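Order of listing sets the numbers, starting from 1, for every ligand and every atom in it. Keep in mind it's a predicted model, so treat the numbers as computed, not measured.
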Amino acid sequence: MWFRQDLRLADHPALSAAAAAGPVLPVFILDDETPGQWAWGGASRWWLHESLKALSAKGPLVLRRGRADEMLHALLVSTNASGLYFTRDYAPWSAALEARIKGICDSAGITCHRYGGFLLHEPEQIRNGSGQAFKVYTPFARACLARGEPRAAKPSPKTTWAQHDAGSDRLEAWALQPRKPDWAKGFSGVWQPGEQGAEQQLARFLDQSLRGYAEGRDRPDQDFTSRLSPHLHWGEISPHRVWQTVSHAMQAQPGFLDRDGEKFHKELLWREFSNHLLQEFPAFPDKPYRSEFSSFPWRDDAAALKAWQCGETGYPIVDAGMRELWATGYMHNRVRMIAASFLIKHLLLPWQAGEGWFWDTLVDADIANNAASWQWVAGCGADAAPYFRIFNPVLQGEKFDPDGAYVKRWLPELRDVPTDAIHKPWTLALPPRNYARPIVDHGIARSRALAAFKSISKEGLP
Ligand SMILES: Cc1cc2nc3c(=O)[nH]c(=O)nc-3n(C[C@H](O)[C@H](O)[C@H](O)COP(=O)(O)OP(=O)(O)OC[C@H]3O[C@@H](n4cnc5c(N)ncnc54)[C@H](O)[C@@H]3O)c2cc1C
């Protein structure tokens, strides 16, 4: 059983099939070669270490480092395996990798079994009237919902682990976690990676946050979202289990949770949509879906990029988000949108620069969700926010963090700023001295962004 982004035992179709066929040898391969520039980033590696530790406690996990196809080839031969089981993945390099592995199995006379499980619906199952992938979210979501409730989640299979002397790398020897400096020291107080942590997070969400999710999910100063994204990304919990648990809660209190539960289900469908788009357009993480954006006049400004990364732009809602990201490996979705928009539109820096930073710093960094979301904000995605809609970071802050509680949590230097100036401290007679002045003026940046967009827009501005 080749574990990938499916680091769980429950509701695991590939593992269930393997367990039904005989003793199972669980394997995880750290492959930094096949993904090229998209090898796991720093925060992902921190999470992966913890998640593998949790999984190893459940079975004799064999760890190998190198190209997945080569490592599997060697292991299949040396362990005399009769079959290989794994979960399908949608990253741009995965189809070719999976085909190579199938070829290796075929020539060695080993059966090769690929299962779904990362998504609720396989890309081939959701097609429009002409048999094509959907490019727009709303009809996509409608087509998913028309298929009815996803299949029910299943408990962990009864598994006999294989006795083997295949040898395993030591997890510590992979040095996945930072040491000097240990920039991830704040993570363990916030997260519990692994299957048990995922279940606990789901239970907490149901108890404390689902009621009110539809409205509250936009408020970074409140705790309404599930924070399941890294668990879903690493497959520590299946989307079926999450979907179904929310459905059950809705059914248990008819009418009471409908709006919140439906909204939450629709967010899970954004995850599906991103993955289906990636399957269809493997260049999605690197290239704009709308080709006219290839000639967008991006700026090259290392100092501005650094200020954004360090949370020193002078716009509190942007800076609070970037500091939350650094401290916890996570940023609230509303703030991700504001911070991403600021990089792209106020600083005119390429969305790929922000995507790369998020890739390295998010614990939920996900090739599909990250690419789709950055392209959405940039206006160059399949179903994207129009480029000319430019967030005003002051108004966004005042609307979604009205008391400034979120900003004050992450920017202690603004602790004493009165609420009416918290999202624009430069307007105070005596602005806090230890906080940056805005690196761009909103009005000037807005005009500059619109002019840049006009230069590539065939239709012109509305
Ligand atoms: C610029 C930018 C980059 C992003 N990068 C990532 C990323 O690398 N990985 C990632 O998982 N999400 C990414 N997102 C989407 C979203 O911000 C996170 O999924 C969400 O904040 C996770 O928090 P949560 O689990 O509490 O979400 P909840 O609101 O509880 O949502 C439940 C689940 O639905 C899925 N989901 C929610 N919103 C989205 C969305 N917009 N797109 C796709 N799936 C979604 C996630 O799996 C999430 O765990 C990005 C958004 C933006 C604007």
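- Side-chain rings of Phe342 and Phe391 stay apart, their centers remaining 6.0 Å or farther from each other.
- Listed by number with element, the atoms of ligand 1 under 4.0 Å from a non-hydrogen atom of Ser229 are 11 (O), 22 (C), 23 (O), 25 (O), 49 (O).
- For atom 29 (O) of ligand 1, the nearest non-hydrogen atom of the protein is Tyr213 OH, 2.5 Å.
- Aromatic pair Trp47/Phe187: ring centres not closer than 6.0 Å.
- Counting only N and O atoms by type, the side chains of Asp366 and His233 include a donor and acceptor under 3.5 Å apart.
- Ring to ring, Tyr115 and Phe86 are not that close: their centroids are 6.0 angstrom or more apart.
- Residue-level proximity to ligand 1 for Phe358 is carried by the side chain, the only part with a heavy atom below 4.0 angstrom.
- In this structure, Trp410 and Ala327 approach most closely via the heavy-atom pair CZ3-CB, 3.7 Å.
- Per-residue contacts place Leu268 under 4.0 angstrom from the following atoms of ligand 1 (heavy atoms of the residue considered): 33 (C), 34 (O).
- Of all protein heavy atoms, the one closest to atom 14 (N) of ligand 1 is Arg336 NH1, 3.5 Å.
- Residue Leu362 has no nitrogen or oxygen atom sitting less than 3.5 Å from a nitrogen or oxygen atom of ligand 1, judged on distance alone.
- Of all protein heavy atoms, the one lying nearest to atom 23 (O) of ligand 1 is Tyr330 OH, 2.8 Å.
- In this structure, of Arg217, His231, Glu267, Arg334, the residue bringing a heavy atom nearest to atom 38 (N) of ligand 1 is Glu267.
- In this structure, atom 30 (O) of ligand 1 lies nearest to the protein heavy atom Ser226 OG, 2.6 Å.
- Under a 4.0 Å criterion applied to the non-hydrogen atoms of Arg227, ligand 1 contributes the atoms 24 (P), 25 (O), 26 (O).
- Separation of the Phe400 and Tyr406 ring centroids does not fall under the 6.0 Å cut-off.
- Counting the atoms of ligand 1 from 1 in the order shown, those under 4.0 Å from a heavy atom of Ala340 are 1 (C).
- Using a 4.0 Å cut-off between heavy atoms, Phe205 makes no contact with ligand 1 at all.
- Ring-plane geometry between Tyr387 and Phe453 is classed as parallel, the angle between the planes falling under 30 degrees on a 0 to 90 degree scale with a further cut at 60.
- Among all non-hydrogen protein atoms, the one lying nearest atom 2 (C) of ligand 1 is Ser373 CB, 3.3 Å.
- Considering only non-hydrogen protein atoms, atom 5 (N) of ligand 1 sits nearest to Asn370 OD1, 3.2 Å.
- Taking the six-membered ring wherever Trp is involved, the centroid distance between the rings of Phe140 and Phe273 falls below 6.0 Å.
- The shortest separation from a heavy atom of Met337 to ligand 1 is under 4.0 Å, placing the residue in contact.
- For atom 42 (N) of ligand 1, the closest heavy atom belonging to the protein is Trp270 CB, 3.7 Å.
- Under a 4.0 Å criterion applied to the non-hydrogen atoms of Arg271, ligand 1 contributes the atoms 43 (C), 44 (N), 47 (O).
- If you check the side chains of Thr313 and Asp319, you find a donor sitting under 3.5 Å from an acceptor.
- Contacts between Trp376 and ligand 1, counted as non-hydrogen atom pairs separated by less than 4.0 Å, are absent for every part of the residue.
- Scanning the protein for heavy atoms near atom 9 (N) of ligand 1, the closest one is Asp364 O, 2.8 Å.
- Centroid-to-centroid, the aromatic rings of Phe224 and Tyr213 stay 6.0 Å apart or farther.
- With sequence neighbours excluded, the residues forming a side-chain hydrogen bond (donor to acceptor under 3.5 Å, both in side chains) with His346 are His442, listed by chain and number.
- Set against the non-hydrogen atoms of Leu232, the atoms of ligand 1 under 4.0 Å away are 47 (O), 49 (O).
- At least one heavy atom of Phe264 lies less than 4.0 angstrom from ligand 1.
- Taking the centre of each ring, His49 and Trp174 stay at or above the 6.0 Å mark.
- Residue Ala365 has at least one heavy-atom neighbour below 4.0 Å for each of these atoms of ligand 1: 8 (O).
- Across Val335, Asn333, Asn369, Val246, heavy-atom proximity to atom 17 (O) of ligand 1 is greatest for Asn333.
- Applying the side chain to side chain donor-acceptor pair (under 3.5 Å) rule to pairs touching residues 269-283 yields Ser274-Asn369, sequence neighbours excluded.
- Trp374 has its ring centre less than 6.0 Å from the ring centre of Phe358.
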